[in-house]
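Below, chains carry the letters A, B, ... as their sequence lines are ordered, and counting in each starts from 1.
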Amino acid sequence: LDDDFEKDEL
Amino acid sequence: MNIFRGIADFSHLAAIIILLHKIWKSRSCAGISGKSQILFAIVFTTRYLDLLTSFISLYNTSMKVIYISCSYATVYLIYMKFRATYDGNHDSFRVEFLVVPVGGLAVLINHDFALLEILWTFSIYLESVAILPQLFMISKTGEAETITTHYLFCLGLYRALYLFNWIWRFYFEGFFDMIAIVAGLVQTVLYCDFFYLYVTKVLKGKKLSLPA
């Protein structure tokens, strides 16, 4: 899995 | 978080709870598309895989866990517990016509060719059309229970409010995500016809029924 993956929305 | 995003998330939560509650109280899933609910379960599963890789906030994690759990609970009620009441004959939308093209599109158009990103993109595209089996079912039977229309209204409102959230975020944070915005627009447009019927009929106390 990717490390830099970040999404704050749902 | 801005006000639109906040209300949107709770509207989404309300929709999910309304549906679960309706099925549980009436001991029946008549009029509900199991296919749409399976698609939503797939949407949440593929989108929230980041629960395993990153922590954003307690709010973010809690909502994701609640959405996923409720979604699986709904599918369980429809296909296991209250299976006898499931109206499979009217739930005849061919979901492969949604899932296959959406999968292809997610591989072709994404922010980054990485597993998690492609699955996230797939979930965004799939969510935009996941309600189609439900709308198809209503158009086929020509009617919907009032509680089902409240569910659909909350679900549509959630995505419409996300559009305002994105406008807000673009102006005040310089943030925008083209994939989410385009898919969100498509999703909201699919609800427009329903919104019209909801306002002109359901809010005036009438049952939602379509002309034969």
Got more than 12 heavy atoms from elsewhere within 6.0 Å of CG, B/Leu203? yes
Answer yes or no: are there more than 12 heavy-atom neighbours, outside B/Tyr196 itself, under 6.0 Å from its atom OH? no
Under 4.5 Å from any heavy atom of chain A, what part of B/His111 do you find: side chain, backbone, both or neither? side chain
Please indicate whether B/Phe176 has more than 12 foreign heavy atoms, meaning atoms of other residues, nucleotides or ligands, lying under 6.0 Å from its CZ. no
Near B/Arg27 CZ, under 6.0 Å, is it more than 12 heavy atoms from other residues, nucleotides or ligands? yes
Rounded to the nearest 0.5 Å, what's the gap from CG on A/Asp8 to CZ on B/Arg169? Could you check? 4.5 Å
Option passing side chain to side chain contact (heavy atoms under 4.5 Å, CB included) with A/Leu10 (candidates B/Tyr158, B/Phe44, B/Tyr67): B/Tyr67
Hey, is CZ on B/Phe82 packed in by over 12 heavy atoms from elsewhere, all under 6.0 Å? yes
For B/Asn60, is it the side chain, the backbone, both, or neither that has a heavy atom closer than 4.5 Å to a heavy atom of chain A? both
Within the structure provided, determine whether B/Ile124 and A/Lys7 are in side-chain contact (heavy-atom separation under 4.5 Å). no
N-O pairing of B/Arg47 and A/Glu9 below 4.0 Å: no
